[in-house]
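So the structure is just underneath, and the comments pick up after that.
Below, chain A is the first sequence line, B the second, and so on; all start at residue 1. Computed from a prediction, not measured in an experiment: that's the story for all the values here.
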There are 2 protein chains.
Amino acid sequence: MSEIKTVLVTGGAGYIGSHTVVELIENGYEVVVVDNLSNSSYDSISRIEILTKHHVPFYHVDLCDRINLEPVFKTHKIDSVIHFAGLKAVGESTQIPLDYYHNNILGTLVLLELMKKYDVSKFVFSSSATVYGDATRFPDMIPIPEECPLGPTNPYGNTKFTIEKILNDLYQSATENWKFAILRYFNPIGAHPSGLIGEDPLGIPNNLLPYMAQVASGRREKLYVFGNDYDSRDGTPIRDYIHVVDLAKGHIAALRYLDSFETNKKTGICREWNLGSGKGSTVLEVYAAFCKACGEEIPYEITGRRAGDVLNLTAKPDRAKAELKWQTELNVDIACEDLQKWNTENPFGYQLNGVEMEFATPEKEFDARFITIGAGTKFAATIANMGATLVDLKVDGQSVVIGYDNEAGYANPEACYLGATVGRYANRIAHGKFNLNGQGYQLTINNDVNANHSSVSSFHTKRFLGPIVKNPSHGIYTAEYILMDKESDGELPGDFEVHVTYTLNVEEKTLDMEYQGKVNGKATPVNMTNHSYFNLNKVNNPSIEGTEIAVISDDSIDVDEHTIPTGKVIKRDIATIASGKFTTLGKEKPEYDYNFFVDATSAPKETDTRSSELKLITKAYHPESKIGLEVYSTEPSYQIYTGDWLTAGFAPREGFAVEPGRYVNAINVPEWKDCVSLNPGQTYGAKIMYKFSS
Amino acid sequence: MSEIKTVLVTGGAGYIGSHTVVELIENGYEVVVVDNLSNSSYDSISRIEILTKHHVPFYHVDLCDRINLEPVFKTHKIDSVIHFAGLKAVGESTQIPLDYYHNNILGTLVLLELMKKYDVSKFVFSSSATVYGDATRFPDMIPIPEECPLGPTNPYGNTKFTIEKILNDLYQSATENWKFAILRYFNPIGAHPSGLIGEDPLGIPNNLLPYMAQVASGRREKLYVFGNDYDSRDGTPIRDYIHVVDLAKGHIAALRYLDSFETNKKTGICREWNLGSGKGSTVLEVYAAFCKACGEEIPYEITGRRAGDVLNLTAKPDRAKAELKWQTELNVDIACEDLQKWNTENPFGYQLNGVEMEFATPEKEFDARFITIGAGTKFAATIANMGATLVDLKVDGQSVVIGYDNEAGYANPEACYLGATVGRYANRIAHGKFNLNGQGYQLTINNDVNANHSSVSSFHTKRFLGPIVKNPSHGIYTAEYILMDKESDGELPGDFEVHVTYTLNVEEKTLDMEYQGKVNGKATPVNMTNHSYFNLNKVNNPSIEGTEIAVISDDSIDVDEHTIPTGKVIKRDIATIASGKFTTLGKEKPEYDYNFFVDATSAPKETDTRSSELKLITKAYHPESKIGLEVYSTEPSYQIYTGDWLTAGFAPREGFAVEPGRYVNAINVPEWKDCVSLNPGQTYGAKIMYKFSS
């Protein structure tokens, strides 16, 4: 592809939509998602960001809302549209047909009107085999070809039928312009093999597989099979089940077909293709495949037929094969295995108790989220996408770190890296200079004569992708962010990809941070930390005064007046843990902003410390709040900073920081240089843990 | 019917809608009309008010605009809905299908949603035979029964088809509630036999008959016959033409059928009925019938087939006959005659040059209209529905009467009957007392010891129905209003129906007012006039000073200190026309508020003076503006009033009034009483004419 094309995906947070977004990105398209989230979750998009390592602009807009939809067309140069958005439950549609017609038809019309206005002509429409109705009423129409007369038997199918008519009429009205691909889906099942995205209907699932999955995970009591008196092998209806990844790929094929029309034939088109496997399975056959995948016989009950169901809807997929060069590659067994993986790894889908989301900057919506894990429990952490920043940490409901309540606070150039994931290179590089693999670099000076915390390319104002939030077991929450940090002109070299994973353990009151990075292109210095400012008595006093502190070692790196290491190891006046005593921080003294050795006798050289022991490096306690903190790390050094230069909304000594990491200026010190020099092929890794008592 | 039911008619200003509104009112229903006027004119409604002598509440709202539609349901207790509103041109629909789907489907959905919310369950839907498409593709489906498979061949037909589906699905979703009658119209033609309402498409007509009518009236050059190569008697397509009045009656039949379901079966229904004659006519046959009706061979040209047309669409109307007890009663010949009457009497339909309308009170919209006839010419009159009031009169673009620019001015209790049609009883009734047919009456006293200008039941703040505005020949405009004035408790007796017709002649600069009234129930005193205050020099001076005036006779009715006639005839100091001189009105003197005889020697007794000579009774002239006025009348007396008590926004002597009418207090004077005593069966009539020179 000569030019990167942007595809607008409506309903892109939904089941088929999310899988198609992944395939689009993997096929080199840019994607913009519009979804009203009426039956889906934004988490599918944040997970796709990590799965694809790609930002996905997202608009929480209902298609019927023209006023809020139009800016999407103004902001992005849309090349084509894949239109999934729509209500889709057959049974529900017979109960609330007006909603189905209103939402599905008006949404499509508004979308088409805006496409016309913004000169977007390629449109892939998510239709359904339901438009055929009971194809068995005609002779020789099973498997169903596209030529089969249409006759939907329920309001949902009628809305799809009507939209097909609209597309045909619109195409006829101006054949030179519109390029419409109508994809008639058979029964999509399964999930992405990554286990990260899958079907997660809000409320009671309407389709067979997600319902079975919820029975398997214990969310539902048993499967109801709607009728076993059909004229089939086992009495249950026959459907053509298609792996959702196959289905998603069908959209890429359709989009390319429309592209070829645009490029070669310079004419419009409006054409329908079945997307199905061509093989029918009964409900009980799929049930058996699913039981095999999950290794147990899940309970089921035969009940009455469901309104709108018909006996057999197996596709004749020949047209798609011949014209779109597309056919299914996966089968029901694989789909059931992928579903089971999704189900096992996400037993409650995207909908997790104890996880909350707020828009830190309302007008930025999902781009500026604060996610709280452990929300409503006795230990909760709030994390921002900007900087993968630890915004807040609450012990027994009491905040113990300082932070801002909106993104603007963090973006303020005067702000002091509050809670930030500091990187690529935490702490000072003397004079901003270093040599790596024979090449010299000069970073922008931002701190006295030095470059501190990566200077202008600091992570703390960069927007991380994701997160993937999980709740793998009771009281354990994880939130994984990534940053694809491009080499920036004249600053740190190489494209650095870093994963930041927070793990919260409610019972233990521990918050782990794990960093894992790789570089591409060139070697880069790496040294990461978390820069939280703690005030264990914040609930009573904005100052850290009265905090008692002790550290693993009082061996510190001597520095000159520009805080550049002199090469000497000196003792600082701070209590060691081994001494059994504590240094009490006063209102103004002592002032610390020093780098300490964990073990001054050893200088590890590895870039990935994660297999090292998590050592207790700092203990702190406040007698008034009775909250205690232990900081653990796999890192060889740590900075202690009593926040004496805090500004931008905070006064000096409103928090103290413990910053585990590599030695200050290590990139310029021969005996330390290896552990901060990351070459392509190497892995950077580190772990930090905050543990609270109360 | 035990209770009067209110029917909401959407698209009620349109062709079929307006005829159905008439039938509904004539069948005892109250009607509320909603129309966006996109292809119709409000004039159809104002004409219906006169035709039916009934107020029709009108809302200028698009059905897609839920916010403005909902108040209609809040304001009126809607019993049922007849839904005509929709775009309806087959050819246009193939060019702009999105507009057709958006408008027709969304409008219907919003309407149904509000019906549901306000618990309205009866709905008659204006569908079309177009839903059948080419019924000739099936064997034995001509004439077309309702069971014929549907297959519309154009976007317009698809929208009707989709709405039928919506209704069926909605009915299925809750069968106990909804009562839907789907009426599939064949080809409506003709017009109301009154000649007052008919088809008046904005722009180029899309249907055969209105197009022919415009050719006949010279608005279009010739008729285009779209194809004469069909397999019919004469090669032109066969349609089932149905007189619009028959069609309108079909809606009453359907509504009654739904009512019977509600009353007897207490169950829902969704059913389709063809409304057609069962007889097919070719285009050329209808052409021949129309030429016969208009007495000339209009030009036509055979041209190519029109997109979406099919050979034969003749109805099988048996189901409507059997179930709705409805069948056509009129034929194509009658339809053509009625169309020709409409066409002849309204060669430009409702769309008249020289007629303008404004909303005097924006929030009351059409209920508070000021209509200007002769707009843009050298003589123009503006008339309000409130009081059938002459709001303004412009000679060569200069206003010569005083008035308010909004309804609130006229409704002010202090206002002085400016421009009003004064009635039922103009001028004073001594002590508010009178006897009529042996019964004594006491009116509310509102003027010294007397009742003046009908006191509290005065017409001047009552809202007249209509008008019918016509432009019967070049430079002649008429505007007819009526008031159905009910007997009000303790005031004037009997129900009085009065027609007020203004006729404006631009060339002659004359404005005629004709009053014609009848009473029902009891006899009533009647004496009407127009109460314009003239200032012929208003453009230069707000005062009437300098106006020269002369009258037909200076014989005046003597009155006591309470302005009650003494029985004497006295001379007033005012110039007579015969004298060839003028009395000049000064800044403060002379003050007139006197009743004069036209001929003191004769006291006519008839209640209808319209066959009498229109006599010149007053001449006035202003030398500065050089504008002259002559007031003519068929009436036996006239009041001259120099406006010395003008108030409510006007100063004394800003205008003078000449009020032709019956003698002051005539109802209490034996020799004058007959001419103001209107008995049931008698007609009241009078004429006044204002003639200007400049």
Requested in this report: Specify which of Thr159(A), Thr162(A), Asn158(A), Ile166(A) makes the most heavy-atom pairs with chain B at under 4.5 Å.
Outcome: Ile166(A)
**Report entry** Greatest number of heavy atom pairs closer than 4.5 Å to chain B - which of Leu109(A), Leu98(A), Leu170(A), Asp169(A)
**Finding:** Asp169(A)
Measure [X] against the heavy atoms of chain B and call it side chain, backbone, both or neither at under 4.5 Å.
X	value
Leu112(A)	both
Leu106(A)	side chain
Phe161(A)	side chain

Query raised in the report: Are the aromatic rings of Tyr185(A) and His251(A) close, with centres under 6.0 Å apart?
Result: yes
**Report entry** ring pair (Phe, Tyr, Trp, His ring centres under 6.0 Å) assessment of Tyr59(A) paired with His76(A)
**Finding:** CA-CA 12 Å; Tyr59(A) 294 85; His76(A) 303 274; 5.5 Å; yes
Query raised in the report: Any sub-3.5 Å donor-acceptor pair from Ser127(B)'s side-chain atoms to Leu183(B)'s backbone N or O?
Result: no
Requested in this report: Indicate the atoms forming the closest heavy-atom contact of Gly14(B) with Asp35(B), along with that distance.
Outcome: N-OD2, 3.6 Å
Query - His83(B) and Thr10(B) side chains, donor-acceptor separation under 3.5 Å - result: yes
